[in-house]
Amino acid sequence: MTTAERPLVTTSTLGLGRSDSAATLVRAAGAQAPAAPASAEATSTLSMHSMHVERLAAGFGRFTAVDDITHTIPARTITAIIGPSGSGKSTFLRCLNRMHEEVTGAWAKGSVRLGSEDIYAARIDPVQVRRRVGMVFQKPNPFPTMSIYDNVAAGLRLNQWGRVPTLDEKVERALQQAALWDEVKDKLFQPGAALSGGQQQRLCIARALAVEPEILLMDEPASALDPIATLRIEELMRNLVRNYTIVIVTHNMQQAARVSDRTAFLMMDDDRAGRLVEQGPTDEIFTRPRDKRTEDYITGRFG
Amino acid sequence: MVHALRRKLASRIMVTLTALSAAIAVSALLAVLAFVAIRGAGALNVDLLTQLPTPVGVPGGGVANALVGSLIVIGVAALLAIPVGLGAGIYLSEFGGNRFDDLVRYLADVLSGVPSIVIGIFVYNLIVSRQGHFSALSGGVALSIMMLPSIIRTTDEMLRMVPDTQREAALALGITRWRTIVSVVLPGARAGVTTGILLAVARVAGETAPLLFTAFGNPYWSARIDAPIATLPHTLFTYAISPYSDWQSKAWGTALILTAMMLITSILARRSRRFA
């Protein structure tokens, strides 16, 4: 599918302005998109927007978990967020789709722009943000009451009333993109919870992709998986990054080095608030870190 | 060695004592059931289930109006208590986290301890004395008040057992809060919530005291909710305290019907939990 053929959806469809580029091409769940051939290659999704985090601070009650983070996440790259436990990696990630504020007492300050739009602006509905910025969690969490098919369809079905047009195609495409289709195509109506851990995590990735987000946040997506399943997730990420912008939190240095284009290193200061120590292209961070603390961390001297 | 023997002996005695307690508890239940079954079986016949009560001394007759009446009153109670109970349970589990919900939980516990006759008198003052007549509706209201605490608490507890990761998964897909509750959280707790509702129904099905001042009883057919209505527990009570032996026998038959209804509801409740 060429760029010109992609369905143009006006900004009002999503309730979010996308005025930064006249050529902004987006798709919306439920839009009358022509049925695209279902394959991992032919996707109608293309992330055009980079994310700009400016002076972000977030925490819970009186505790500041991350402070003063300014960071740009370029479109269609994988950014790894690394850092010791408690450095606020997950909090930072969860600020990028406003999931952070779902915890009681949570607060966030600063701005996170997706394209030109501040997702923390007062008129923005966090629900709409999450349709553009999807998330995959540490532990695979498919909906236990739903079949594989229903799991993938959940984001589309529960975001609107009535029938979702071309739902079958969308579900198949999401499963293809998540490299799970061949394994589940004959048992789409079996419970998602019956799959192996690695398959469940790819099901969760498919579920997130079905909503057709621009950005995919992954919070240690492989930490509960065995090495082979981990490798599959990493391969999958390399494939997905052609169309999506991915931010991954990981404890695993090798994983960050293998999979990411850029790396950001977070560390807590004496006040226990996580701050951005250093960020840049992954090979630079891992071979020529500028900051002593980065070097100490990636060489395993602490953390 | 001696100490080891003593410990073993003490342990053996404790196990025996607790097992004995369990046996006593179970045999009390079995004795009640057996007693009701034996005495009730003699009075149980088609007429009892299908006929209206007859005057004293007139042979035949049954408690069919009370059977239907009980179903109507319980139906009204369920219709009132289930939505409110579910709603309150959802509020406590999903939107709580403040002082108010501790208060609600505490008051629900207190309410479940209020004697049922007090609830009867309360509803009498609230509805019956104002309307000037007894009614099925007032009986349903009284029973619904008795059902509320257990529906609220089981809904609250069952929803809490749904892991937060499920809510997060749904919210992260851009699903709204309430749609998450309706389509993800509630289905995840469906079995437990259904069980709680059925047990609440079973519990109030046999209540007599709150119906004395509300549904009142009625020797005729009635399906109107604004008129007095016969119910099984109340008919059982009236017949049992009567001096007439044929009424007393019918009381046993009614007791058997009522017990069977509650037993069936409890079994349904158990099954709904098992086949989630």
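Protein chains get the first letters and strands the later ones, always in sequence-line order, with residue 1 at the start of each.
In this structure, chain B has a heavy atom under 4.5 Å from the backbone of A:Pro142, while its side chain stays farther away. Within the 4.5 angstrom heavy-atom criterion, only side-chain atoms of A:Phe137, from C-beta onward, approach chain B.
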I'd like a table of all donor-acceptor pairs linking chain A to chain B (distance under 3.5 Å, no angle check), giving the atom names and the distance to one decimal.
{"residue": "A:Arg94", "atom": "NH1", "partner": "B:Glu168", "partner atom": "OE2", "Å": "2.8"}
{"residue": "A:Arg94", "atom": "NH2", "partner": "B:Glu168", "partner atom": "OE2", "Å": "2.6"}
{"residue": "A:Arg131", "atom": "NE", "partner": "B:Gly174", "partner atom": "O", "Å": "2.8"}
{"residue": "A:Arg131", "atom": "NH2", "partner": "B:Gly174", "partner atom": "O", "Å": "2.8"}
{"residue": "A:Asn141", "atom": "ND2", "partner": "B:Thr165", "partner atom": "O", "Å": "3.1"}
{"residue": "A:Pro142", "atom": "O", "partner": "B:Gln166", "partner atom": "NE2", "Å": "3.3"}
{"residue": "A:Leu158", "atom": "O", "partner": "B:Arg179", "partner atom": "NH1", "Å": "3.4"}
{"residue": "A:Asn159", "atom": "ND2", "partner": "B:Leu173", "partner atom": "O", "Å": "3.3"}
{"residue": "A:Gln160", "atom": "O", "partner": "B:Arg179", "partner atom": "NH1", "Å": "3.1"}

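Ranked by heavy-atom pairs under 4.5 Å with chain B, the list A:Val127, A:Val136, A:Leu217 is led by A:Val127. Interface check for chain A: of the options B:Leu173, B:Val184, B:Val182, the most heavy-atom pairs under 4.5 Å are formed by B:Leu173.
By the 6.0 Å contact criterion, CZ on A:Phe63 is enclosed, its count of non-hydrogen atoms from other residues, nucleotides or ligands being greater than 12.
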